[in-house]
**Q** 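Below you'll find the structure I mean.
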Amino acid sequence: MIQQRIEELRRRLEHHNRKYYVENAPEISDFEFDALMRELQDLEAAHPEFADPSSPTMRVGSDSTAEFRTVRHRFPMQSLGNTYSLDELHEFIERIERETGPAEFVCELKFDGTAISLTYEHGRLERAVTRGDGEAGDDVTANVRTVRSVPLRLEGEGWPELFEIRGEILMPYASFDRLNAEREAAGEPLFANPRNAAAGTLKQQSSAVVARRGLDCTLYQLAGDELPFTNHWESLAQAREWGFKVSDQARICRSAAEIDTFIGHWDEARRQLPFPTDGVVVKVNDFALRRRLGATAKAPKWAVAYKFKAEQALTRLAGIDFQVGRTGAVTPVANLDPVLLAGTTVRRATLHNAEQMAQLDIRPGDMVYVEKGGEIIPKITGVELAMRPADSRPFVYIDRCPECGTPLVRYESEAKHYCPNQSGCRPQIIGRIIHFIRRKAMDIEGLGEETVELLYENGLLHDVSDLYDLRTEQLAPLPRLGEKSAENIVRSIERSKQVPFHRVLFGLGIRFVGETTAKYLAEHFRTLDAVMHASREELVEADEVGGKIADAVLDYFADEDNLRIIGRLRDAGLRFEAEARERFSETLAGKSFVISGKFRDHTRDELKALIEGHGGRNLAAVSGNADYLVAGENMGPAKLRKAEKLGIRIISEAEFAALLDGDAPQTARDAASDEEPKKNGDTQDTRIPEAADGAKTAAPAPSDSAAEPASGSAANPPRQGELF
């Protein structure tokens with residue numbers, strides 16, 4: 001009897017929750033809803049044996065959320081191509097119709113939030129994952145369960161046993177204004193815009209905090225193995241029936257003129273919407289046409305985002321500040337009289353560099369035009385000269401560091417000015433430490449920017465190597481820390497000693513050496529000592545390393561202070577060598593490969609690991625150094641043409657597998673070294689090789705999904721899905 005009452009209350013609360021948050025048509029008062037919720041909470045507390053993670057009581061969240069773990073997407077979440085031009089949009093439509101004939105398009109508002117992928121299994125929300133890098137994201141399920149427009153259990157019938165639905169977590173303007181008012185009253189920094197506030201809220205460690213912040217969620221795309229739909233419009237209609245909040249503003253358009261009308265309407269009407277939007281997404285409706293059109297490595301070819309032109313506002317430039325970053329780069333920032341722009345109040349804007357300021361002839365006291373074109377910090381685009389004060393004088397750019405007083409320098413081909421005092425300039429020191437501890441570098445938890453500043457001010461941190469001398473008894477007495485936090489920080493610092501070499505190299509903060517470049521350097525040289533002692537000529541031999549990066553690496557290791565820090569990090573036990581590669585054989589020894597496209601049986605990372613495991617070498621791009629191009633679905637045509645032009649052997653995934661078995665198709669380089677030379681007039685055969693069934697192996701078959709490698713046969717159809 002009690003279990004039946006609990007189930008009845010859950011059903012009633014889910015129904016009324018949907019009516020209020022999704023359909024905007026409440027049937028009962030807040031008082032009645034709260035009474036039902038209290039009864040359910042009391043019953044669940046008294047009878048924990050009937051607990052259910054999909055219960056409406058989970059909407060309130062808990063005081064703590066476990067650390068976010070990384071989850072790979074079953075269907076990669078690609079981004080969309082953008083355009084600000086109607087002419088380019090018309091070209092997109094014309095290209096589609098040239099390839100497919102007349103087509104229907106679905107036009108939807110482009111929501112300005114943070115992308116999310118929801119997985120439902122047997123009609124229940126199982127997982128919510130952020131976009132991340134498109135291949136993997138953070139598991140934020142506990143926090144998303146508190147978003148009341150996200151159904152925890154589906155309604156109706158006919159939903160697949162397992163599928164994903166993608167959309168956007170939003171912060172409505174009302175929630176954003178309330179949150180910033182609370183933060184201002186508490187003396188906390190304000191969020192720049194609703195998009196940042198939504199993203200920041202979704203990463204809160206307390207789901208109870210997330211529940212209070214008033215997030216919303218709009219869904220716009222399904223992905224699954226066997227979706228029972230032939231077109232996008234049909235899938236959206238069915239998603240509504242299952243209880244998802246799907247935009248009512250979407251429309252089917254059958255011509256460029258109808259699309260233009262839709263865009264023109266919402267370019268004005270969006271200002272009356274209660275949530276932020278920044279454009280219109282135009283998608284081919286028919287799934288069969290989508291499969292014919294396919295996708296590039298980054299974006300589907302059947303969709304594009306038209307971005308609304310940035311809004312402008314006119315306000316007074318009250319003054320100019322200068323910020324110093326971790327590399328010593330000095331950035332001028334404008335302080336503005338507060339002005340409402342694109343739904344938020346703007347008080348600061350970037351001025352980029354001295355050259356940009358000179359072009360604008362910008363001066364304190366000027367009335368300036370401020371634009372918010374998708375940037376977190378708005379930018380100044382012009383000066384209203386008719387309103388310039390009569391006593392105005394040209395602005396003189398600073399020549400000394402605003403933090404330490406060191407004379408600034410400007411390097412050749414650089415637009416910014418720099419403070420060269422990297423070992424004695426406070427923001428540079430703090431910035432390098434913050435870079436070192438970030439997730440993609442050493443991943444040291446518990447040390448945010450404020451804590452790093454606190455440790456610096458108390459003389460506990462002077463550079464990154466000091467981290468490994470910190471003790472719990474030093475940290476615990478400091479404000480906002482305590483024994484438990486101190487222990488967690490010291491434990492996390494100790495764990496960071498196991499971080500792989502390429503992330504240590506990235507964490508050092510060498511100028512121009514980003515995450516990807518650090519991986520290439522680590523892969524090429526294998527040890528930090530090898531990188532440190534490499535010549536410029538040797539450095540540029542590594543993939544993606546040009547002269548500019550090579551010079552930065554040489555400069556970094558020529559600095560005695562940097563060498564001292566590296567010595568202390570070495571003593572602390574950080575990993576300065578790449579892990580030894582597991583070698584299965586030398587079958588591919590001396591051969592270089594480029595991997596491109598999507599594959600049926602392997603991911604690209606798996607293929608690369610196989611190449612290295614069998615003695616081969618991976619290249620980042622098609623060049624004369626490559627022996628083979630392993631071609632999958634949706635490979636870029638430019639890469640294919642270049643490979644053909646260079647005479648590189650183009651092979652399929654199946655032919656690559658044959659290589660591992662020692663049945664190697666001959667490369668152009670092999671042919672050139674045959675004992676019998678070619679006769680004069682013979683030419684290299686660079687045609688696309690044929691598989692055993694006669695199909696051109698490098699000519700990508702139409703993908704059944706822009707989201708997943710094609711499964712390859714009519715008997716085993718590829719997945720239907722979408723990437724963004």
Side-chain angles (χ1 to χ4, degrees), residues 78-94 96 105-115 131 166-177 191-199 216-221 232 246-253 255-284 298-300 302-315 336 339-346 349-350 368-382 724:
Q78 283 189 319
S79 55
L80 284 174
N82 289 334
T83 180
Y84 292 85
S85 162
L86 285 177
D87 289 340
E88 289 182 0
L89 178 61
H90 295 163
E91 290 173 8
F92 163 79
I93 296 165
E94 290 166 4
I96 298 294
F105 297 88
V106 177
C107 292
E108 306 168 2
L109 290 179
K110 186 176 183 298
F111 304 101
D112 197 14
T114 185
R131 181 182 184 277
R166 270 77 186 272
E168 209 87 0
I169 297 288
L170 305 166
M171 181 168 284
Y173 289 130
S175 299
F176 176 75
D177 291 341
F191 282 109
N193 52 45
R195 180 182 67 244
N196 273 23
D216 200 353
C217 181
T218 298
L219 289 310
Y220 48 63
Q221 188 66 43
H232 181 58
V246 176
S247 174
D248 292 331
Q249 288 84 24
R251 292 290 182 271
I252 289 181
C253 296
S255 67
E258 290 183 6
I259 293 172
D260 289 353
T261 299
F262 183 89
I263 289 172
H265 169 76
W266 284 110
D267 198 5
E268 294 296 326
R270 64 191 170 104
R271 294 170 176 82
Q272 278 70 57
L273 292 171
F275 49 80
T277 61
D278 60 351
V280 167
V281 178
V282 181
K283 305 176 182 176
V284 171
K298 294 184 178 180
W302 41 262
V304 71
Y306 174 86
K307 302 292 287 289
F308 295 132
K309 288 183 172 57
E311 292 188 47
Q312 278 192 340
L314 185 66
T315 188
L336 306 168
V339 61
L340 189 65
L341 179 62
T344 61
T345 301
V346 173
T350 181
V368 295
Y369 291 99
V370 187
E371 201 171 273
K372 203 171 184 182
E375 295 189 7
I376 295 173
I377 300 179
K379 60 182 178 181
I380 293 176
T381 58
F724 56 93

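Just so you know, these numbers come straight off a predicted model, no measurement behind them. Reckoned from all heavy atoms, side chains included, excluding hydrogens, waters and symmetry mates. Position 1 is the first residue of the sequence; numbering continues from there.
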**Q** Can you sort out the partners of Thr315 under side-chain hydrogen bond (donor to acceptor under 3.5 Å, both in side chains), two or more places apart, ordered by chain and number?
**A** none
**Q** Roughly how far, to the nearest 0.5 Å, is CD1 of Ile259 from CD1 of Ile252?
**A** 11.5 Å
**Q** Determine whether Asp112 and Thr277 satisfy the following criterion, side-chain contact (heavy atoms from CB on, under 4.5 Å), listing intermediate values before the conclusion.
**A** CA-CA 5 Å; Asp112 197 14; Thr277 61; 5.7 Å; no
**Q** Any idea which heavy atoms bring Pro378 and Val346 closest together, and the distance?
**A** CG-CG1, 3.6 Å
**Q** Show your reasoning for whether side-chain contact (heavy atoms from CB on, under 4.5 Å) applies to Gln249 and Leu273.
**A** CA-CA 11 Å; Gln249 288 84 24; Leu273 292 171; 4.2 Å; yes
**Q** Can you give me the closest heavy-atom contact between Phe308 and Gly279, atom names plus distance?
**A** CD1-N, 3.3 Å
**Q** Would you please name every residue forming a side chain to side chain contact (heavy atoms under 4.5 Å, CB included) with Ala269, sequence neighbours left out?
**A** His265, Trp266
**Q** Taking side chain to side chain contact (heavy atoms under 4.5 Å, CB included) as the definition, give me every residue that meets it alongside Ala199, ordered by chain and number, with sequence neighbours left out.
**A** Thr114
**Q** Going from CG on Leu109 to CZ on Phe262, what distance comes out if it is rounded to the nearest 0.5 angstrom?
**A** 5.0 Å
**Q** Which heavy atom of Gly81 sits nearest to which heavy atom of Val304, and what is that distance?
**A** O-CG2, 3.3 Å
**Q** What is the minimum heavy-atom distance between Ala256 and His90, and which atoms define it?
**A** CB-CD2, 4.0 Å
**Q** Measure the spacing between CZ of Arg251 and CD of Glu258 and express it to the nearest 0.5 Å.
**A** 12.0 Å
**Q** What are the two closest non-hydrogen atoms of Arg131 and Ser79, and how far apart are they?
**A** NH2-N, 3.5 Å
**Q** So how far is it from Leu170 CG to Thr218 OG1, rounded to the nearest 0.5 Å?
**A** 5.0 Å
**Q** As an exercise, state the distance from CZ of Phe105 to CD1 of Ile93, rounded to the nearest 0.5 Å.
**A** 5.5 Å
**Q** Taking atom NZ of Lys110 and atom CG of Asp278, what is their separation to the nearest 0.5 Å?
**A** 4.0 Å
**Q** Tell me every residue that passes side-chain hydrogen bond (donor to acceptor under 3.5 Å, both in side chains) with Glu108, counting only those two or more places apart in sequence or in another chain.
**A** His232, Lys283
**Q** Applying side-chain hydrogen bond (donor to acceptor under 3.5 Å, both in side chains), can you list everything that pairs with Arg270, at least two apart in sequence or on another chain?
**A** Asp267
**Q** Between Glu91 and Ser85, is a side-chain contact (heavy atoms from CB on, under 4.5 Å) present by the stated rule, with each step listed?
**A** CA-CA 10 Å; Glu91 290 173 8; Ser85 162; over 6 Å; no
**Q** Which word best sums up how the rings of Phe111 and Tyr220 line up, parallel for under 30°, tilted for 30 to 60°, or perpendicular for over 60°?
**A** parallel
**Q** Taking side chain to side chain contact (heavy atoms under 4.5 Å, CB included) as the test, write out the residues that go with Thr381, two or more places apart.
**A** Gln312, Tyr369, Glu371, Lys379
